[in-house]
Amino acid sequence: MITQIKLYDNIKRIVSFFSNKLNFDKFKNKLGRKLALSIEEITSIALFKQKNGMPTKKAVYETLVVNMNRWYHLGIIILPLLMKINRKNQHIIKHIDSTDIPVCSFKNANSHKTMKGLARFGRNSKGIYFGLKLHIITDLKRQLLSVKFTSGNIDDRKAVIKLSKDLIGLFIADAGYVSKKLSKEFYQEHKRILIARPRKKIMTKFQEMLYQTRMLIELNFRNLKMFYNLITSMPRSIDGYFANYIYSLLAYQII
């Protein structure tokens, strides 16, 4: 069984690789007080926190929390690089879907201020929630290929074209993506096609086989929420919320 020290060392080694490639040190202020920890260490501890399922940042020293939020934008640089690497060996069969990200409990929605400008009321399988949506595209190997955040009230179909830019293959979606207009706009001959599950039409055996693979993208959402603390209501700033989301996605992809 891997020790906590070994886990942290593994995470830091990966972060150091990206730090050297992207020159993290150039983001340091030349004047003023020096950082108590390096940017590499701050990013590594943030990923370590998510991996260990620590439910709140109160478990981390207060100054570290501030720096985790301060440097999460570097994660926004690393995540596309990881997805670019994934695209080089992408499987032809891909899945597209979204999941709800509540920012607070439903009873506190009207009084919630931090994410008021971004979050909206949306609907999931359990009912109405107040928050965002995470849209992703993954392949048959469960690799993240594309990620997009929207307000909770955005129709999933509106995010498809930008989300799938430069991707090719067979894209499997649920009935929420059924649209003749979208299918026509999405289609590129000999390159890609969107196959949304029909609500009433009889499926072919091949279609049924493809739809059965959609459980893989649901596993991605399940793991992000259960083991990488994607959903939170603890932050007190917009940066705090998105730092949590980005570090969760990075921890899930790297570790």
Side-chain angles (χ1 to χ4, degrees), residues 76 79-103 118-125 128-201 203-204 206-225 230-231 242 245-246 248-250 252-253:
I76 300 176
L79 187 59
L81 289 176
L82 290 173
M83 292 190 291
K84 186 176 181 180
I85 293 171
N86 290 343
R87 289 183 181 203
K88 289 183 178 179
N89 63 342
Q90 60 185 279
H91 196 282
I92 191 172
I93 297 176
K94 298 173 177 64
H95 305 107
I96 182 168
D97 206 351
S98 72
T99 192
D100 57 289
I101 308 181
V103 298
L118 297 174
R120 294 290 186 274
F121 287 101
R123 184 178 292 276
N124 57 22
S125 59
I128 299 175
Y129 72 95
F130 182 71
L132 308 175
K133 277 186 179 180
L134 169 63
H135 307 259
I136 65 173
I137 293 178
T138 58
D139 65 7
L140 206 62
K141 294 181 284 188
R142 292 178 58 192
Q143 298 180 118
L144 280 176
L145 303 175
S146 187
V147 171
K148 183 178 178 64
F149 290 94
T150 66
S151 298
N153 62 340
I154 296 298
D155 189 314
D156 289 345
R157 292 170 290 191
K158 291 184 177 180
V160 170
I161 299 301
K162 287 186 178 181
L163 188 67
S164 61
K165 184 179 179 181
D166 299 326
L167 289 172
I168 61 174
L170 301 175
F171 291 74
I172 316 304
D174 63 20
Y177 291 84
V178 172
S179 167
K180 289 183 178 180
K181 180 181 177 181
L182 174 59
S183 295
K184 185 177 180 180
E185 185 179 358
F186 184 90
Y187 177 74
Q188 294 178 12
E189 188 174 5
H190 304 308
K191 289 187 176 181
R192 69 182 197 174
I193 185 172
L194 179 64
I195 306 175
R197 186 181 185 90
R199 291 187 173 91
K200 296 181 180 180
K201 294 181 181 179
M203 293 183 290
T204 65
F206 180 64
Q207 285 178 314
E208 186 176 2
M209 179 188 70
L210 290 175
Y211 293 134
Q212 287 175 351
T213 67
R214 282 200 69 259
M215 63 172 289
L216 296 176
I217 197 169
E218 297 298 339
L219 285 175
N220 287 325
F221 289 140
R222 174 181 175 273
N223 289 344
L224 280 167
K225 290 180 177 181
L230 178 68
I231 295 177
F242 279 99
Y245 302 148
I246 296 301
S248 291
L249 287 166
L250 267 179
Y252 180 60
Q253 193 64 88

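No experiment lies behind these values; they were computed from the predicted model shown.
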[Y] side chain reached by [X] side chain, heavy atoms, under 4.5 Å:
{"X": "Lys141", "Y": "Asn86", "value": "no"}
{"X": "Leu194", "Y": "Ile96", "value": "yes"}
{"X": "Ile172", "Y": "Ile93", "value": "yes"}
{"X": "Leu144", "Y": "Leu82", "value": "no"}
{"X": "Arg192", "Y": "Ser164", "value": "yes"}
{"X": "Lys148", "Y": "Ile154", "value": "no"}
{"X": "Ile85", "Y": "Gln143", "value": "no"}
{"X": "Asn220", "Y": "Tyr252", "value": "yes"}

State plainly whether the residues Asp100 and Lys225 are in salt-bridge range, i.e. N to O under 4.0 Å. yes
Residues Arg214, Glu218: salt bridge by 4.0 Å N-O rule: yes
Would you name the heavy atoms of [X] and [Y] that are closest together and state the gap between them?
{"X": "Ser146", "Y": "Arg87", "answer": "CB-NH2, 3.9 Å"}
{"X": "Ser151", "Y": "Leu118", "answer": "OG-O, 2.7 Å"}
{"X": "Ser179", "Y": "Arg157", "answer": "CB-CD, 3.8 Å"}
{"X": "Leu224", "Y": "Ser248", "answer": "CD2-O, 3.8 Å"}
{"X": "Ile168", "Y": "Lys94", "answer": "O-NZ, 2.6 Å"}

Inter-residue atom distance [X].[atom1] - [Y].[atom2], 0.5 Å rounding:
{"X": "Asp97", "Y": "Tyr177", "atom1": "CG", "atom2": "OH", "result": "4.5 Å"}
{"X": "Gln90", "Y": "Lys84", "atom1": "CD", "atom2": "NZ", "result": "13.0 Å"}
{"X": "Asn153", "Y": "Tyr129", "atom1": "CG", "atom2": "OH", "result": "8.5 Å"}
{"X": "Phe221", "Y": "Ile231", "atom1": "CZ", "atom2": "CD1", "result": "11.0 Å"}
{"X": "Leu167", "Y": "Gln188", "atom1": "CG", "atom2": "CD", "result": "10.0 Å"}
{"X": "Leu140", "Y": "His95", "atom1": "CG", "atom2": "NE2", "result": "5.5 Å"}

Report the C-alpha distance between Asp156 and Lys133 in whole Å, list the side-chain angles of each, state the deciding distance to 0.1 Å, and finish with yes or no for side chain to side chain contact (heavy atoms under 4.5 Å, CB included). CA-CA 9 Å; Asp156 289 345; Lys133 277 186 179 180; 2.9 Å; yes
Give me the one residue out of His135, Lys158, Arg120 that meets side chain to side chain donor-acceptor pair (under 3.5 Å) with Thr150. His135
Give the C-alpha distance, both sets of side-chain angles, the deciding distance and a yes or no for side chain to side chain contact (heavy atoms under 4.5 Å, CB included) between Ile195 and Leu170. CA-CA 7 Å; Ile195 306 175; Leu170 301 175; 4.3 Å; yes
Could you give me the CA-CA distance, side-chain angles and deciding distance for Leu134 and Tyr245, then say whether side chain to side chain contact (heavy atoms under 4.5 Å, CB included) is met? CA-CA 9 Å; Leu134 169 63; Tyr245 302 148; over 6 Å; no
Pick one: which of Leu249, Leu145, Val147, Ile136 meets side-chain contact (heavy atoms from CB on, under 4.5 Å) with Met83? Val147
What is the ring orientation for Phe171 with Phe186, classed by angle as parallel under 30°, tilted 30 to 60°, or perpendicular over 60°? perpendicular
